S.K.: 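Before we start, here is the structure in question, set down as structure tokens.
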Amino acid sequence: MRPILLQGHERSITQIKYNREGDLLFSVAKDTVVNVWYSVNGERLGTYNGHTGAVWCVDVDWDTKNVLTGSADNSCRLWDCETGKQLALLKTSSAVRTCGFDFSGNIIMFSTDKQMGYQCFLNYYDLRDPQQIEENQPYISVPCSESKITSAVWGPLGEFVIAGHENGEINQFSAKSGEVLKNAKEHTKQINDIQSSVDLTMVISASKDNTAKLFDSTSLDHIKTFKTERPVNSAAISPIMDHVVMGGGQEAMEVTTTSTRIGKFEARFFHAAYEEEFGRVKGHFGPINCVAFHPDGKSYSSGGEDGYVRIHYFDPHYFEFEFEG
């Protein structure tokens, strides 16, 4: 089966996210547009219009009611998933790099960039308190003065946020007090992406140091390392198999000076236990910026620097991937 090609963005994709059932796929890019698609056939369902800068992150809550987006226009916005109506606008001093709903969908977090003289903050809002939204006052704002947050996900039970930093550190920030609960320094360069397993017991980090690493969510113990020969932009854990998919490539600036064959723009599959690569899937005309497994584990999506989102179907039990040929 040929991959489904989604063409709804004019610039490179920054993040893609499935909802819990997997029937919807959300994509954001550097072109200000937030798209939602039917994952089964690639039909575009609609757009969330309002951002005026590159959109860096997107998340959808557990029951697919609300969508959260963060952008370089110095805002984090809450949308009604069904109608596309903007429910809340949270203004910040710098670009919003990561965002996410906790398990209940009541608490949101987002982090801002360290730029223009402003430092990086991790902000927590309780959506049940309208005053926090109206006055734009988070109930906790954690300053990250040493190194900015580049990617973050909620831990199990919504007790803390697991954040990856520019210097390669991974921290757990408490959702109640904002303090750092645990710390791990396994990467040597910037962490580009963090994603959790379906049961939230593990997280995988993708880094510019050419590796992806698997950690225990609660203890931050380092479990496995997956090595490549180029920066890893994104990595995801299969919900049904011991598989990990990784996407990456060279820096976008270096791509134009080499052919795509040398650029190696494939999605790569590794065995989660043996740390061995067993498959590659070609397709994108530039580095892969983000990957995500469908919740049923029978397909995965990738978003690239070329502005396309691709949905690939495969049989996870036989490792027979559908190559374009």
Side-chain angles (χ1 to χ4, degrees), residues 11-12 14-15 28-34 48 50-59 67-79 86-102 107-127 129-154 160-181 183 185 187 189-194 205-208 233 251-253 289-290:
R11 296 186 64 193
S12 53
T14 49
Q15 195 173 24
V28 292
K30 291 180 182 174
D31 61 2
T32 77
V33 179
V34 182
Y48 302 90
H51 281 295
T52 56
V55 187
W56 290 116
C57 53
V58 61
D59 197 23
V67 178
L68 190 67
T69 55
S71 166
D73 64 7
N74 299 0
S75 76
C76 185
R77 297 174 194 239
L78 185 70
W79 312 84
Q86 184 175 298
L87 302 175
L89 167 61
L90 301 168
K91 291 195 169 156
T92 58
S93 303
S94 55
V96 176
R97 183 65 57 172
T98 67
C99 65
F101 289 97
D102 78 334
I107 313 264
I108 61 167
M109 64 84 185
F110 64 84
S111 73
T112 58
D113 266 358
K114 187 176 178 180
Q115 66 190 47
M116 297 185 297
Y118 296 100
Q119 67 172 349
C120 166
F121 283 96
L122 177 63
N123 296 314
Y124 293 95
Y125 288 81
D126 191 330
L127 297 178
D129 180 1
Q131 199 173 353
Q132 288 182 26
I133 306 297
E134 285 163 22
E135 297 177 6
N136 204 0
Q137 282 296 324
Y139 72 87
I140 302 177
S141 189
V142 187
C144 307
S145 49
E146 284 183 25
S147 181
K148 79 167 186 184
I149 293 173
T150 49
S151 184
V153 291
W154 279 94
F160 52 81
V161 163
I162 302 166
H165 294 258
E166 203 171 25
N167 61 2
E169 274 188 17
I170 295 180
N171 289 326
Q172 279 180 1
F173 292 98
S174 167
K176 292 184 177 70
S177 65
E179 64 182 316
V180 176
L181 304 174
N183 172 281
K185 181 80 168 72
H187 287 291
K189 290 184 182 172
Q190 174 178 315
I191 292 170
N192 292 324
D193 184 31
I194 287 187
S205 57
S207 169
K208 276 188 176 173
N233 294 337
E251 296 284 330
M253 293 185 298
N289 292 339
C290 43

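Here the structure is a predicted model, which is why all the values come from computation and not from measurement. All values below come from the heavy atoms of this structure, side chains included, with hydrogens, waters and symmetry mates left out.
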S.K.: Tell me whether S111 contacts the main-chain N or O of R97 through its side chain, where contact means a donor paired with an acceptor under 3.5 Å.
M.R.: no

S.K.: Using atom types as modelled and distance alone, determine if a side-chain donor or acceptor of N167 lies under 3.5 Å from a backbone N or O of E169.
M.R.: yes

S.K.: I need the N183 CG to I170 CD1 distance, nearest 0.5 Å.
M.R.: 9.0 Å

S.K.: If you take all heavy atoms of M109 and L122, which pair is closest and at what distance?
M.R.: SD-CD1, 4.1 Å

S.K.: So do the side chains of S205 and I194 get within less than 4.5 Å of each other, counting heavy atoms only?
M.R.: yes

S.K.: Report yes if some heavy atom in the side chain of V67 is under 4.5 Å from a heavy atom in the side chain of Y48; otherwise report no.
M.R.: yes

S.K.: Quick check: does any side chain N or O of K114 sit under 3.5 Å from a backbone N or O of S145, one acting as donor and the other as acceptor?
M.R.: yes

S.K.: Taking Q15 for its side chain and V58 for its backbone only, find out whether a donor-acceptor pair lies under 3.5 Å.
M.R.: yes

S.K.: Can you name the one residue among H165, E146, K185 that meets side chain to side chain donor-acceptor pair (under 3.5 Å) with N171?
M.R.: H165

S.K.: I need the single residue from V33, D31, V28, V96 that forms a side-chain contact (heavy atoms from CB on, under 4.5 Å) with V55. Which is it?
M.R.: V28

S.K.: Taking atom types as modelled, is there a side-chain donor on N123 or S141 under 3.5 Å from an acceptor on the other?
M.R.: yes

S.K.: Within the distance-only criterion (no hydrogens, no angle test), does the side chain of D73 pair as donor or acceptor with the backbone N or O of H51 below 3.5 angstrom?
M.R.: no

S.K.: Using the rule given for side-chain contact (heavy atoms from CB on, under 4.5 Å), can you reason through L78 versus F101, listing the C-alpha separation, both sets of side-chain angles and the distance that settles it, and then say yes or no?
M.R.: CA-CA 11 Å; L78 185 70; F101 289 97; 3.6 Å; yes

S.K.: Any idea which heavy atoms bring Q119 and P143 closest together, and the distance?
M.R.: NE2-CB, 3.4 Å

S.K.: How far apart are the C-alpha atoms of L90 and F110, what are their side-chain angles, what is the distance that settles it, and do they pass the side-chain contact (heavy atoms from CB on, under 4.5 Å) test?
M.R.: CA-CA 10 Å; L90 301 168; F110 64 84; 3.8 Å; yes

S.K.: Which pair of non-hydrogen atoms, one from S93 and one from N74, has the smallest distance, and what is that distance?
M.R.: O-ND2, 3.4 Å

S.K.: Please report the interatomic distance CD1(I149) to OG1(T112), rounded to the nearest 0.5 Å.
M.R.: 8.0 Å

S.K.: Taking all non-hydrogen atoms of both residues into account, name the closest pair between I140 and G178 and its distance.
M.R.: CD1-N, 3.8 Å

S.K.: Go through it in stages, so that I can follow the logic: the residues are Y118 and T92, the test is side-chain contact (heavy atoms from CB on, under 4.5 Å), and I'd like the CA-CA distance, side-chain angles, deciding distance and then a yes or no.
M.R.: CA-CA 10 Å; Y118 296 100; T92 58; over 6 Å; no

S.K.: Let me confirm one number: the SG-CZ distance from C144 to F173, rounded to the nearest 0.5 Å.
M.R.: 4.0 Å

S.K.: May I ask you to decide if S207's main-chain N or O and H187's side chain share a donor-acceptor pair within less than 3.5 Å?
M.R.: no

S.K.: Nearest heavy-atom pair of A206 and N233: which atoms, and what distance?
M.R.: CB-C, 3.9 Å

S.K.: Given the rule in the side-chain contact (heavy atoms from CB on, under 4.5 Å) test, do Y124 and V161 qualify, once you have shown the distances and angles that lead to the verdict?
M.R.: CA-CA 10 Å; Y124 293 95; V161 163; 3.6 Å; yes

S.K.: Are any side-chain N or O atoms of S71 and backbone N or O atoms of A54, one a donor and one an acceptor, separated by less than 3.5 Å?
M.R.: yes

S.K.: Is atom NZ of K189 surrounded by more than 12 heavy atoms (other residues, nucleotides or ligands) closer than 6.0 Å?
M.R.: no

S.K.: Heavy atoms only: give me the nearest W154-I108 pair and the separation to one decimal.
M.R.: CZ2-C, 4.2 Å

S.K.: Using a 3.5 Å distance criterion without hydrogens, assess whether the side chain of D126 forms a donor-acceptor pair with backbone atoms of Q132.
M.R.: no

S.K.: Rounded to the nearest 0.5 Å, what's the gap from CD on E166 to OG on S147? Could you check?
M.R.: 5.0 Å

S.K.: Would you find a donor on one side and an acceptor on the other, under 3.5 Å apart, between the side chain of T150 and the backbone of I191?
M.R.: yes

S.K.: Distance-only, no hydrogens or angles: does the S174 side chain make a donor-acceptor pair with backbone N or O of E179 under 3.5 Å?
M.R.: no

